[in-house]
Peer 1: 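The structure under discussion is supplied below as structure tokens; questions concerning it will follow.
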Amino acid sequence: MQRLKQLYDWLDNRTGIKEHLREVLFETVPGGSRWRYVWGSTLTFTLMIQFITGIFLWMGYSASGQTSWESVYYIQEHMTGGHFLRGLHHWTAQVMTVLLVLHLMQVVIDGAYKAPREINFWFGIILLQLVLALSLTGYLLPWDQKGYWATKVATDIMGSTPIIGETMKQLVLGGADYGHHTLTRFFALHAGILPLSVIGLTVGHIYLFRRHGLTPKKPIKKADEYFWPEQVLKDAVACLAVLVTILVLHFAFNGAHLDAPADPSSAYPARPDWYFLFLFQFLKYFPGHWEVLGAVVLPGLAMTLVFLMPIIGKSERGHRFNVGLLFGILAFAGILTFVAVNADRNNPTYIASKEQAAREAAIVKELAENGIPPEGALALLQGPKLFAQHCASCHTYGGENGLGNSVEKPSAPDLKGFASREHLTELLHPERFESAKFFGNTAHAQKSKMHDFLNDEFDGINDDKDLRADMDLLIKAISAEAKLASQSKLDLEDREAIQKGRELFDEIGCIDCHALGGWNADDYSAPDLTGYGSRNWMLGIVNDPAHERFYGKKNDRMPAFGKDEKLTRRQMERLVDWLRGE
Amino acid sequence: MTNESDHNSKDEQPDRRQFIKGASCVIGAVIGSVPMVAGVRVSLSPLVDKEAAESGAMLRLGDLGDLETGVPMKFAIVADKSDKWTRYKDVPVGAVYLVKQKEDAKEPVVAFNTVCPHLGCFVDYRKEETDFFCPCHDSNFALDGKLKNGVSPRGMDTLEVELRNTTEVWVKFQRFKANSKDKIAIS
């Protein structure tokens, strides 16, 4: 303790720290400490949380069209503590908005904007807008569906401002369209320009607050006190309560939400974050060219009135008007928010879209587990989306359409895990080959040679161990043709079994119809199993299933996606890569 | 500014005051440390999160016929690579020099990682001087990889070579710890 005091004296000798601390701590609080004075401190505290968590998030964030979602996903799902850090940043931003309103209410009700504190009030109002701008810019940075569409609406509103709108929009977006520079600009605003402005104004705000002192709640009943320690404790307890609230929100909502990556081609119900919802709802009442009134003119007018509060509030009547105005605005915003939330809650289309978006987010996160291609995570979703659009009218994927929805009357085999050992174990079972899951609803079911062959050769496979062992060898051999990444280790380990399976393929007569290792059109009547399930084989059958190498004339309804130019080569590759789990 | 004890109304309750001071400090420390610890924890993730090590599989680089005896030839190593969230296919990850040895040599081909064992610069092959030369700190190495002179703690790093089907040159590409006397593989 003595050492500590010596160090403190040494430091004071060189910096004059004691004097500064005294100035900070021994500010007079007229009428003693009160709970109603804590809001400013809680806001400073949340600001500090945002700076700290923001800088650490910065270490993992990468602003570009192909890396924003991906880096946020990586922070959240793969970095130790990343989920908590992002949750803390996100929920502090939400709580901060509430604290801003509470602080403003306290200032207006107590008349703390009156002379000589006008400039400080204006500083505060600008700070409020800067913090809202931070929220708006931060919303876009993950480049997910939610942020992308909401920001699109917000910037389009900006673009509809008369005269300067379009120019401003282009400047903010960094071009005519949304892309890399939209993100780099938003990021520079969010992590550079806006925080620096906030720091500058906060320093000025606190300096002016100190200069003029606290505006006491009248009548003053108690004796004056110093800021330290009574008010400091109240502030500290309030900050603790704020932190606990943030933590509860984080754990209750399982951190910060991350939607599927931004996709300009998919429908998404754009909504701003909850604190802008009232403005969003307000716009619904201004059709056509009246929109500028609801989007710019009226909110601008309200802001101007708030800004003029110190002047309006000079008289007692003016002050009462100000208090009424603030409560009016808040009540109006509250009602509009309620109307907006309620409308969405009762809108089945909105609910369905949100559920679909959540399913897609879950799918893309699962696919991203194996790594994301350099073109970005959106490419990962192209496979399931193409499947849902082009294949799921007949095929299923694990009983669904690839995007988690059910398929009405599937009429072709399920393709999940295609060519894997598990898939073949089911497919090549005499009882399941012609089930609805595989060929049951196709022309290859009843009366087909394959059906007869399975029933002749493998009848009783459930009980006969030898038959089961033979089938396992066959399956290993056929499945190895696919060279599935997920099975590469197994294929390597089972080299001998695979060789035996190939021999068995010839012995029991599969070779009479199917080729395995060398195909020609004259000798084989059934699909070529050379490279069955491999990337090339799959691309081939999607390109033209009626090619002699596949089903030839026996092809049952499957379109020639490549040959008939229904899909591009690139699309087929994405589809196939997804089916193969790559 | 006056001294605190002059004006304090609660001086008659020193215990309570002491408690308030202590409580303020403790709460302040706790709430301040939560975002700080959350951030530092994530910034330490490179030490905590183990990424899947690269396989160090054998790669086919060329044919014996492509090489001239005693003349180093540079080959880019093109392989799949994972970098945080991104999975790259067939991108350059490094380079090797292959030196074909004389007929009677024990090893038909020697492979060197092109990276200087000192501090990781790219080592050049100098045709006129018939040596390997690091342009950063001027270490130079003989064509058998031994350090001729300079500050490098060891000679150039050799890599495992395999001849398959008599002429195909396959190399196991690995990286080694920089600036250490011993050759320690790090991937």
Side-chain angles (χ1 to χ4, degrees), chain A residues 19 22-23 25-26 28 32 45 48-57 59-60 62 66-67 69-71 73-75 77-82 84-89 92 222-226 228-230 232-237 239-240 242-243 246-247 368 370-374 376-377, chain B residues 1-52 54-55 57-58 79-92:
Chain A
E19 184 63 27
R22 219 172 281 145
E23 262 180 52
L25 293 175
F26 298 114
T28 309
F45 171 61
M48 184 202 82
I49 299 183
Q50 294 305 68
F51 280 129
I52 295 173
T53 51
I55 285 172
F56 282 110
L57 282 171
M59 290 185 191
S62 170
Q66 275 83 46
T67 58
W69 186 91
E70 293 72 9
S71 58
Y73 156 80
Y74 193 78
I75 292 172
E77 307 291 335
H78 290 275
M79 290 175 82
T80 301
F84 180 62
L85 183 66
R86 185 166 175 253
L88 208 56
H89 194 73
T92 305
K222 290 196 297 175
D224 292 1
E225 270 176 352
Y226 279 127
W228 170 259
E230 300 276 342
V232 171
L233 181 67
K234 287 195 170 66
D235 286 3
V237 170
C239 291
L240 181 65
V242 166
L243 182 64
I246 292 165
L247 293 178
N370 297 326
I372 298 168
Chain B
M1 188 62 58
T2 48
N3 194 297
E4 63 175 301
S5 56
D6 297 346
H7 279 278
N8 210 291
S9 55
K10 294 200 173 70
D11 255 356
E12 62 276 14
Q13 295 174 290
D15 280 354
R16 179 180 182 275
R17 229 178 123 67
Q18 221 39 52
F19 169 77
I20 289 175
K21 282 183 181 177
S24 301
C25 290
V26 170
I27 295 174
V30 169
I31 61 177
S33 64
V34 168
M36 204 63 206
V37 169
V40 170
R41 185 162 156 237
V42 175
S43 72
L44 293 179
S45 83
L47 305 177
V48 184
D49 301 340
K50 290 280 168 273
E51 289 173 61
E54 285 159 63
S55 59
M58 299 296 285
D80 293 351
K81 182 179 132 180
S82 274
D83 181 5
K84 298 295 175 279
W85 56 86
T86 308
R87 188 191 58 209
Y88 297 97
K89 273 208 176 299
D90 300 332
V91 287

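Below, read A as the first sequence line, B as the second, and so on, with proteins coming before strands; counting in each chain starts at 1.
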Peer 1: Considering only heavy atoms, which portion of A/L240 lies under 4.5 Å from any heavy atom of chain B: side chain, backbone, both, or neither?
Peer 2: both

Peer 1: Heavy-atom pairs under 4.5 Å with chain B are the metric here; pick the option from A/D235, A/I55, A/L25, A/L88 that has the most.
Peer 2: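 Highest number of pairs under 4.5 Å: A/L88.
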
Peer 1: Checking A/M48 against chain B: side chain, backbone, both or neither under 4.5 Å from a heavy atom?
Peer 2: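 Contact with chain B is through the side chain of A/M48 alone.
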
Peer 1: For the residue pair B/W85 and A/I75, establish whether any side-chain heavy-atom pair is separated by less than 4.5 Å.
Peer 2: no

Peer 1: Who wins among A/G376, A/S62, A/P373, A/P374 for the most heavy-atom pairs under 4.5 Å with chain B?
Peer 2: A/P374

Peer 1: If you count heavy-atom pairs within less than 4.5 Å of chain B, which of A/E77, A/H89, A/E70 leads?
Peer 2: A/E70

Peer 1: To the closest 0.5 Å, what do you measure between CD1 (A/I372) and CD (A/Q66)?
Peer 2: 11.5 Å

Peer 1: List in chain and number order the residues that pass side-chain contact (heavy atoms from CB on, under 4.5 Å) with A/N370, two or more places apart in sequence or in another chain; answer none if no residue qualifies.
Peer 2: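 Residues passing side-chain contact (heavy atoms from CB on, under 4.5 Å) with A/N370: B/R87.
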
Peer 1: So for A/F45, is it side chain, backbone, both, or neither that comes closer than 4.5 Å to the heavy atoms of chain B?
Peer 2: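 For A/F45, the contact with chain B is made by the side chain alone.
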
Peer 1: Just by distance, do the side chain of A/D224 and the backbone of A/G32 share a donor-acceptor pair under 3.5 Å?
Peer 2: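 Answer holds: no.
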
Peer 1: Taking every heavy-atom pair that is under 4.5 Å apart, which of A/A377, A/G371, A/S71, A/A236 has the most such pairs with chain B?
Peer 2: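 Answer, by heavy-atom pair count under 4.5 Å with chain B: A/S71.
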
Peer 1: Can you find a heavy atom in the side chain of B/Y88 that is under 4.5 Å from one in the side chain of B/T86?
Peer 2: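 Yes; the side chains approach each other to less than 4.5 Å.
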
Peer 1: Is A/T28 close to chain B through its backbone or its side chain, or both, or neither, when contacts mean heavy atoms under 4.5 Å?
Peer 2: neither

Peer 1: Would you list the atom pairs, donor with acceptor, under 3.5 Å between side chains in residues 34-41 of chain B and any protein atom, with sequence neighbours excluded?
Peer 2:
none

Peer 1: Under 4.5 Å from any heavy atom of chain B, what part of A/I52 do you find: side chain, backbone, both or neither?
Peer 2: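 Looking at A/I52, just its side chain touches chain B.
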
